[in-house]
Student: 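Mind looking over this structure? Questions follow.
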Amino acid sequence: FVLHDGSPKETVAFYQKLLSAPEEKKNAIRTEIISNSNQTKSDITDSASKDSSLASSSFTKPKPFLVQEMISQSRIEYEQRGARIQTPSIETLSGKQVNHLVCGEEYFYTYKVFFEEDASQIQFGMLIKTKSGLEIGGGAYPSVFSMVPRIKKGSVVEIRFRFLCALNPETYFLNAGVLGNIDSQVVYLDRVIDAIMFKVQSEKGLVSTGLVNFNIAPSITII
């Protein structure tokens, strides 16, 4: 029984969406996939009658999408010390929330912080990790030499980290953290380990190996 007949990239995207869904919602997603597949066939037929080149170029790149049910089960929250991290998520540059990304595209990792107490010397951070806990890379704002001097009690701050997804297909996790000064010591006011998870989609013809995609372009010369 064929659910979807389309490009490999689009088929993989639908497969991942179905695989990540809970059992009680899989039938609805199957119906959605079949409907999309039928629409795709119709679109291809119409395009072919007008311009065969348009049909062949309709599915050249996967698109990022969101699976609501994909929630980090390994989430660990630090003890809060006057600040609370809220609503971490990944967004496209146009503001669409996603958790299935496409390698080579840019995204925002964003979260809000509610300050329950006055805070000083504040810094916000993010970190990308593998399923095994390997730390791949991250960032902080601002730098250690220019921390936010003071934020008042009751304030809500939204932090947005723009990043390039240069990762190969796999599942990854994102941390979120807020540092501040308490009793002349820099400590975490709040930190969430594995705050959210995301997947990088598979692509046909991928030649990159390992975790990071360096956009390697191999060539061969016979001499």
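Along the sequence shown, residues are numbered consecutively beginning with 1. All heavy atoms count here, side chains included; hydrogens, waters and symmetry mates do not. Only a predicted model underlies this, so the values are computations on that prediction, with no experimental measurement involved.
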Student: What's the spacing between S146 OG and Q121 CD if we round to 0.5 Å?
Tutor: 10.0 Å
Student: How many angstroms lie between CD1 in I159 and CE in M126, if you round to the nearest 0.5 Å?
Tutor: 10.0 Å
Student: Closest approach of S89 and Q97, non-hydrogen atoms and distance?
Tutor: CB-NE2, 3.8 Å
Student: Grab the two heavy atoms, one from P142 and one from Q123, that are nearest each other, plus how far apart they are.
Tutor: O-NE2, 2.8 Å
Student: I need the single residue from T171, L66, L167 that forms a side-chain contact (heavy atoms from CB on, under 4.5 Å) with F198. Which is it?
Tutor: L167
Student: Could you tell me whether the side chain of S72 and the main chain of D194 form a donor-acceptor pair under 3.5 Å?
Tutor: yes
Student: For a 4.5 angstrom cut-off between non-hydrogen side-chain atoms, does N99 reach I90?
Tutor: no
Student: Shared ILVMFWY cluster between L127 and L179, side chains joined below 4.5 angstrom?
Tutor: no
Student: Nearest 0.5 Å, please: how far is OG in S74 from NZ in K131?
Tutor: 11.0 Å
Student: Which is it for L211 and T130 under the side-chain contact (heavy atoms from CB on, under 4.5 Å) test, yes or no, and what are the steps along the way?
Tutor: CA-CA 9 Å; L211 292 173; T130 65; 3.7 Å; yes
Student: When clusters are formed by joining ILVMFWY residues with side-chain heavy atoms under 4.5 Å apart, either directly or through shared neighbours, do F115 and V187 land in the same one?
Tutor: yes
Student: Verify the cluster assignment for L134 and F163: are they in a single hydrophobic cluster under the rule of side-chain heavy atoms below 4.5 Å apart?
Tutor: yes
Student: Considering only heavy atoms from C-beta outward, does the side chain of P169 approach that of L206 to under 4.5 Å?
Tutor: yes
Student: Counting only heavy atoms not in Y141, do more than 12 sit closer than 6.0 Å to its OH atom?
Tutor: no
Student: Once salt bridge (charged side-chain N to carboxylate O under 4.0 Å, His left out) is applied, do any residues pair with E106, and if so which ones, sequence neighbours excluded?
Tutor: R162
Student: Determine the minimum heavy-atom distance between Y109 and A195, stating which atoms define it.
Tutor: OH-CB, 4.0 Å
Student: Just checking R84: does its CZ atom have more than 12 heavy atoms from other residues, nucleotides or ligands closer to it than 6.0 angstrom?
Tutor: yes
Student: Would you give the length of the straight line joining atom CG of L101 to atom NZ of K199, rounded to the nearest 0.5 angstrom?
Tutor: 12.0 Å
Student: Could you grab the distance from atom CD of E116 to atom CG of L189, nearest 0.5 Å is fine?
Tutor: 10.5 Å
Student: Using 4.0 Å as the upper bound for N to carboxylate O, is an ion pair formed by E77 and R75?
Tutor: yes
Student: In sequence, state the C-alpha distance, the side-chain angles, and the governing distance for D118 and K152, and then conclude on side-chain contact (heavy atoms from CB on, under 4.5 Å).
Tutor: CA-CA 5 Å; D118 290 344; K152 292 183 178 180; 4.1 Å; yes
Student: Hydrogens and angles aside, do N181 and S120 bring a side-chain donor and acceptor to less than 3.5 Å of each other?
Tutor: no
Student: Rounded to the nearest 0.5 Å, what's the gap from CG on D190 to OH on Y78? Could you check?
Tutor: 10.5 Å
Student: Taking I182 as the starting point, is it possible to reach I85 by hopping between hydrophobic residues whose side chains are less than 4.5 Å apart?
Tutor: yes
Student: Taking the side chain as C-beta and beyond, is there a heavy-atom pair between E203 and P62 under 4.5 Å?
Tutor: yes
Student: State, to 0.1 Å, how close C165 and Y107 come at their nearest heavy-atom pair, and which atoms those are.
Tutor: CB-CE1, 3.8 Å
Student: Are F65 and F108 joined in one hydrophobic group, where the rule is that I, L, V, M, F, W and Y side chains link up if heavy atoms are under 4.5 Å apart?
Tutor: no
Student: Any idea which heavy atoms bring A176 and Y111 closest together, and the distance?
Tutor: CB-CE2, 3.6 Å
Student: Assess the residue pair K129 and I193 against the criterion (side-chain contact (heavy atoms from CB on, under 4.5 Å)); give the C-alpha distance rounded to whole Å, side-chain angles, the decisive distance to 0.1 Å, and a yes or no.
Tutor: CA-CA 10 Å; K129 303 189 309 179; I193 306 297; 3.4 Å; yes
Student: For side-chain contact (heavy atoms from CB on, under 4.5 Å), just list the numbers for T209 and N168, CA-CA rounded to whole Å, side-chain angles, deciding distance to a tenth of an Å, and then say yes or no.
Tutor: CA-CA 7 Å; T209 59; N168 280 323; 5.5 Å; no
Student: Locate the shortest heavy-atom distance separating N215 from N213; write the atom from each residue and the value.
Tutor: N-OD1, 2.7 Å
